[in-house]
Amino acid sequence: MDKEKRDKYYILLERLTDYINDMNGFDHAGYKTVIEEICELFHISKGSTEFYRSLSDERLGNGDIMCDFDNGKGDIAVIEKRMVTPSKAVVKGFIYQSKDDIPMTEEEKEKVDIMLRSIIAFVARKRLQRLLETFAYNDDAGYPNVASYKRFLDWQNEQTGLVGFTTCCLNLRHFSVINREIGRELGDAVMRSYYRLLSEIVGEDGIVCRLGGDNFIMAFRNGYMDTLTDIFSGIPVAYDKDGENRVEVSASVGLFVIPEGFVLTGFDSVMEKIIPASQVARNSEGAAMVYFDERMMKRKNDSVRIQRLFPVAIAEKEFKVFYQPKVDINTGLLVGAEALCRWFHDGKIVSPAEFIPVLEQGPDICKLDFYMLDLVCADIRRWIDEGKNPVRVSVNMSRKHLVDVDLLRHIMEIIDRYEIPHHYVEIELTETTTDVEFKDLKRVVNGLQLEGVCTAVDDFGVGYSSLNLIREIPWNILKIDRCFLPEDDKSQYDTTTLMYKHVVSMAHDIGLECVTEGVETKEQVDILKHYQCDIAQGFYFDRPLPVEEFEDRMKKGKYDLVE
Ligand code: C2E
Ligand code: MG
Ligand code: MG
C-alpha cells in the first residue's frame, strides 16, 4: 500500500467515523458516498450487512439484509465479520470482490477489516435503538401503545395546543362473540382491519392506540368526528381475501372534547375523563357514544370514597339488616322476608343502590354478603330461642361469589354456626350472563339444594333471562322483577300482562314457587290473584323494615286484606 493510498484511507476512515458518530442525526447520503469511495479505493465490488434480533433468528435466516454498495460485478466473499451483542442480537458484515478486481493485499484487508468492524458496531447500535423504540411505542401485536398516545398528545400540545381535538376510549362490542364465531386468528385480523380503518381516517391528524384486549384510545381533530361516528356505530369488516365473509364491528365509545383552557397535566388528566365515559357507554345497549361530563367525575369520586370507607364501616357495624315481608295474598299470612342491607353512615341511611354496585366492582361485596348472612342467622337463632315463630328469610348473594369454589362451604359454615334448621334460610341469586358463570351457578344451587337451603332466581325478567337457566338449574323460587308486573289490569292483551301471565304459569307448571316483587297497589294485588301468583313482596304491604318492626309483623303473623 503506497503512501497516497494510505493517506486516502485515513481520511476516509475519519469521515466514516464522523458520519456514524454524528449526534445530530444520521446523514445517509453522506455515509453512502464515503462507502462508495472506500469500495473504489480497495476494489470492492459489494459490501453488505445482516441483522438478526436473536441467535435463533440467525439460525432461521430471519433477519434484515442491507446492501450499502454493489457495482454488480461479482461476489467472491473476501472478508466476513460476525458480532454478537450483549443482548444476543447478531450483526454480520460481508466484503466481496469480483474475479476481475485486483485482489486486496493483507495490509489492505486489515484496513478494510477495521472499517467493517466500525460499520457493524454502528449497524448493531442503530438497529437496537430502533427495536427499543418499537418495543417502547408498540405492543406485542404491533399496535401503537399508550406511550405512543402520550407522545402524540405531548407533541400536539406543544405544536398547536389541544383545543380542536377530541380524545376517546373505545371498546369493540361483543368481540368475544366474534372471536368465538370466527376463531381467534380471524378475530385478530378483523380487529386489525378495524384499527387500520380508524387510523387511516385520522391520518397524521390523530392517533389510534391499543390499550389492551379490545380496548383502544384515540385522539384526533374534531373534523373527523362524523366519519368516525359512522365507523363506531358499526361497519361490516371482511375476514377473508375475497371479502365474502364479513362481520359487523361496532364500538362503545367514551369521548372528551378538549375544551378551551384545558391544561394537559399528564396522561391521567385525559384518562380520568374518557375512562368513566367509556364505562357508561359500555353499559348501555347498542353502539353508544357517551361524552364525558362532570357528573361522571363525581360518581367516580363517590365510588372511590365508598371503597375507602367500606373496611371501617364493616368493622364499626354500620351495615344493618332490614326485613321486607313476603305475604300470601290469598290468606294475608306473613310467609317470609327478604333481608336487605342498609348502611347507617354519618347520621344518614345510605341505600344499597348507591353502594352495592360500587362494592360489586371488587371483592368487598362478598364480605358484605357473608356479613349480612351472619346477621340474619343471628336473628333467626334469637327468634327461635325466644320462642318467636320465625319465617324463612332470603339473603342476596352477588354473582361475584360464583367464582369462589368454597362458596357453598362458606354459606353452610355460617348457617351451622348458629345451629339453625336449614329450611329457614333462602339464597337469592341473579341471572348469569356467561357460560362459565352458568356452570358455577348450577354447582352452587345444586349444593344448596342438597343441604336443604332454598334458592331463588332474583330479578327474573331483567337482563339476560334465559329459559335454560330455569330448566337446567333446580331452583325452588322464581322472583319476578317489578318491571314484569303490569301497572294495572286495563289490558289483558298488552305484552307485559301476557308475559307476566305466562311466566307465572310456566313457573308453576315446572314446580317453582313464584314471588312477585314491587307490588305497590291494590290493583296489582288483584293482578297477582288473577294470574295466581300467590306471594307478593312490596310497598303495598310493607317497605323493608328495621328488625324490631319486623318482629312486630311476625308476632301478628297476618295482614288484613282489603276486598
Ligand atoms: P332486590 O334483591 O331485587 O331487592 C328488592 C328491592 O326492591 C329492594 O330495594 C326493595 O326495597 C325494593 N322494593 C321492594 N318493594 C318495592 C316496591 O313496592 N316498589 C319499589 N319501587 N321498590 C320495592 P333495595 O333494598 O334498595 O335493594 C336494591 C338492591 O340491592 C336489591 O334488589 C339487591 O339486588 C341489592 N341488595 C340489597 N341488599 C343486598 C345485600 O345484602 N347483598 C347483595 N348482594 N345485594 C343486596
Ligand atoms: Mg333480592
Ligand atoms: Mg329482586
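First listed ligand is number 1; within each ligand, the first listed atom is number 1. Count residues from 1 along the sequence.
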Taking atom types as modelled, find out whether Lys558 and Thr331 have a side-chain donor-acceptor pair closer than 3.5 angstrom.
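Thr331 and Lys558 do not have a side-chain donor-acceptor pair below 3.5 Å.
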
Any side-chain donor paired with an acceptor under 3.5 Å for Glu426 and Asn476?
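No, no side-chain donor-acceptor contact under 3.5 Å.
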
As a quick check of understanding, evaluate side chain to side chain contact (heavy atoms under 4.5 Å, CB included) for Val503 and Phe460, giving each step before the final call.
CA-CA 10 Å; Val503 167; Phe460 186 77; 3.9 Å; yes

Once side chain to side chain donor-acceptor pair (under 3.5 Å) is applied, do any residues pair with Lys479, and if so which ones, sequence neighbours excluded?
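Glu338, Glu428, Gln537.
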
Would Leu359 and Ile306 count as a side chain to side chain contact (heavy atoms under 4.5 Å, CB included) here? Give the steps.
CA-CA 8 Å; Leu359 299 181; Ile306 289 170; 4.1 Å; yes

May I have a table of the N/O to N/O pairs between ligand 1 and the protein that fall below 3.5 Å, each row giving the two atom names and the distance to 0.1 Å?
unit_1	atom_1	unit_2	atom_2	d
ligand 1	2 (O)	Glu338	OE2	2.8
ligand 1	2 (O)	Asn396	OD1	3.0
ligand 1	2 (O)	Asp458	OD2	2.9
ligand 1	3 (O)	Asp459	OD1	2.9
ligand 1	3 (O)	Glu517	OE1	3.1
ligand 1	15 (N)	Gln324	NE2	3.0
ligand 1	18 (O)	Phe539	N	2.8
ligand 1	19 (N)	Glu520	OE2	2.5
ligand 1	21 (N)	Arg482	NE	3.4
ligand 1	21 (N)	Arg482	NH2	3.3
ligand 1	21 (N)	Glu520	OE2	3.1
ligand 1	25 (O)	Arg342	NH1	2.9
ligand 1	25 (O)	Arg342	NH2	2.9
ligand 1	38 (N)	Cys341	N	3.1
ligand 1	42 (N)	Asp369	OD1	2.6
ligand 1	44 (N)	Asp369	OD1	2.9
ligand 1	44 (N)	Asp369	OD2	3.2

Tyr143 six-ring centre to Arg192 NZ/CZ under 6.0 Å and within 45° of normal
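Yes, cation above the ring, under 6.0 Å and within 45°.
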
Kindly indicate whether a cation-pi arrangement holds for Arg342 with Phe322, taking the cut-offs as under 6.0 Å to the six-membered ring centre and within 45° of the axis.
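Judged by the rule, Arg342 and Phe322 form a cation-pi pair.
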
Shell of protein N/O/S atoms around the Mg ion (ligand 2), taken as anything under 2.8 Å:
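Within the sphere that stays under 2.8 Å of the Mg ion (ligand 2), the protein atoms of type N, O or S are Glu338 OE2, Asn396 OD1, Glu428 OE1, Asp458 OD2.
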
Quick check on Arg543: does its CZ atom have over 12 non-hydrogen neighbours (other residues, nucleotides or ligands) under 6.0 Å away?
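Open.
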
Does Gln532 have any side-chain contact (heavy atoms from CB on, under 4.5 Å) partners at least two apart in sequence or in another chain, and if so, which?
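Checked Gln532 against side-chain contact (heavy atoms from CB on, under 4.5 Å); zero matches.
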
